[in-house]
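The structure under discussion appears below in the form of structure tokens.
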Amino acid sequence: MQQQIILGSIICFATFLLIILIIGWDVVEITNWGLKCNSISKQCDKQIYAPGRYLVGPFNSFFNFPGSRQAIEFSDDKRAQSQPLKTRTAEGLTLSLHVSFQYQLIKNEIALLYAMAGLNYEATFIRMARDTILQAAGRFEAPKYWTNRRNITEVMQKQLEEELKKAHANCVSLQILDIDLPDQYEDSIVQTQIEVQKKTMKQFEQKAQMILNDILVMRAQNDQEIFVIHAQAQADAFTITQAAQAKANKLLLEAESKGYEMIQKNLELSQEEFNQYLYWISILKQKKAKLVFNPNTVLTFNMNRN
């Protein structure tokens, strides 16, 4: 009987341990961070757990918090967390803003976030974002939303970043999706922008015409330079040609002179006889010249030389 009691006790203890092991495991989902809390004492560890399976013990479990960026949107889209934000501009015009922003929880402050807002922390973020964006939006005049939209976006993001840090999160980015102003005012702004665009286009056209005129002037200057260079080249070529021709003529004359000297020397002609020789040679070189002989005139060359 005693053995049966011991055996039963062992079985009960083993069963208890098995139950403890079964219910003592919990999981932190992928892309999440885990905060371990006790369901009885309501106390949570300060340690933040990465994705995975852990033995947490009885009555303990994980609360999963997103480790990636999350988005909150104020718009008419059915997926948006809240309706568009409505306020007035600095000059009193009605204004409806469609805004989206992305936040990321600060990992080491998740326990503080849970202590402040529990698991419904996103509602806190929406309330803080609405108040911050509306306050910032009301400080700008309507034309600024057309001409300086980027600056307005940066101001809103900076102010929202400061507020979300108080709630243990970072504002990663913010976008103004749409801006709704009274139709009459929007029409006047559109018309103003059209006039601005026309003025800008006219300025571009004038600038383009100025550039075209500069190009024409440069082209004329280049043509003039080309003409001067071409004329100078022709003049230089003529000068070189004339110099070469003069040099060739000089060399020819020198050669002829030497040749005539040799002829006069070899034939032993007197200066008068040599002049007569040159005279008849020049006549014979004339292609259209006619030679007329006078029978009464006798030209005598004295070929006898001592």
Side-chain angles (χ1 to χ4, degrees), residues 69-104 129-164 170-237:
R69 297 179 181 182
Q70 304 296 307
I72 293 178
E73 184 174 324
F74 299 90
S75 71
D76 292 329
D77 194 295
K78 62 181 180 180
R79 296 169 296 180
Q81 289 83 352
S82 186
Q83 293 297 310
L85 303 175
K86 298 184 182 297
T87 185
R88 289 186 178 275
T89 61
E91 66 267 46
L93 296 173
T94 58
L95 173 66
S96 178
L97 289 176
H98 297 237
V99 181
S100 175
F101 71 92
Q102 293 72 45
Y103 71 87
Q104 188 165 22
R130 179 185 292 109
D131 294 343
T132 302
I133 295 173
L134 288 177
Q135 184 179 5
R139 296 205 303 267
F140 295 96
E141 296 178 351
K144 296 294 184 181
Y145 285 94
W146 286 81
T147 61
N148 208 0
R149 183 168 178 169
R150 176 178 297 180
N151 180 59
I152 295 175
T153 301
E154 292 175 353
V155 170
M156 290 180 176
Q157 180 178 342
K158 183 178 180 180
Q159 294 184 4
L160 184 56
E161 169 71 11
E162 295 175 356
E163 291 300 315
L164 286 184
N170 290 319
C171 179
V172 180
S173 60
L174 183 144
Q175 304 84 34
I176 298 178
L177 306 176
D178 193 15
I179 301 171
D180 288 333
L181 290 165
D183 293 341
Q184 183 177 1
Y185 185 78
E186 284 192 351
D187 292 342
S188 66
I189 291 180
V190 170
Q191 187 61 37
T192 300
Q193 292 298 314
I194 291 175
E195 294 301 324
V196 171
Q197 292 295 327
K198 287 182 179 179
K199 182 179 179 180
T200 304
M201 184 64 69
K202 188 66 176 178
Q203 292 175 347
F204 283 145
E205 290 176 354
Q206 292 175 352
K207 188 174 181 180
Q209 187 61 44
M210 292 176 61
I211 294 173
L212 180 59
N213 293 338
D214 291 341
I215 292 174
L216 293 175
V217 172
M218 292 174 62
R219 181 179 295 175
Q221 291 176 346
N222 291 336
D223 291 343
Q224 181 65 25
E225 291 179 2
I226 292 172
F227 177 79
V228 171
I229 293 172
H230 183 67
Q232 185 64 43
Q234 287 182 332
D236 293 343

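One-based numbering along the sequence shown.
Listed for the Glu161 side chain is a donor-acceptor partner under 3.5 Å among the backbone atoms of Cys171. One N or O on the side chain of Gln81 and one on the backbone of Glu73 form a donor-acceptor pair closer than 3.5 Å. Not one N or O on the side chain of Gln157 forms a donor-acceptor pair closer than 3.5 Å with the backbone of Gln175. Put simply, the side chain of Tyr103 never gets that close to the backbone of Ile72: no donor and acceptor are under 3.5 Å apart.
A 4.5 Å side-chain heavy-atom check between Asn222 and Glu225 finds at least one atom pair inside the cut-off. The shortest side-chain heavy-atom distance between Leu95 and Arg88 does not fall under the 4.5 Å cut-off. Side-chain contact check for Gln209 versus Leu212: some heavy-atom pair is nearer than 4.5 Å.
The aromatic rings of Tyr145 and Phe140 sit perpendicular, their planes meeting at an angle over 60°, well past the 30° parallel limit.
For the atom pair OG1 (Thr87) and CD1 (Ile133), the distance works out to 11.5 Å, reported to the nearest 0.5 Å. From Glu205, atom CD reaches atom NZ of Lys198 across 12.0 Å, with rounding to the nearest 0.5 Å. The distance from atom CG of Asp76 to atom NE2 of His98, rounded to the nearest 0.5 Å, is 4.5 Å. Atom NZ in Lys86 sits 7.0 Å away from atom CG in Asp180 (nearest 0.5 Å). Between the NE2 atom in His230 and the CG atom in Asp223 there is a gap of 13.0 Å [rounded to 0.5 Å]. Atom OG1 of residue Thr153 and atom CZ of residue Phe101 lie 14.0 Å apart, to the nearest 0.5 angstrom.
If you run side chain to side chain contact (heavy atoms under 4.5 Å, CB included) between Val99 and each of Asp178, Ile179, Leu174, only Leu174 comes through.
Between Pro84 and Ser96, the shortest heavy-atom distance links the atoms CB-OG, 3.7 Å. Heavy atoms only, all atoms of each residue included: Ile176 and Arg149 are closest at O-NH2, 2.5 Å. In plain terms, the two heavy atoms of Leu177 and Ser100 that are nearest each other are CD1-CB, 3.9 Å.
A donor atom on one side chain and an acceptor atom on the other are not found under 3.5 Å apart for Gln135 and Asp131.
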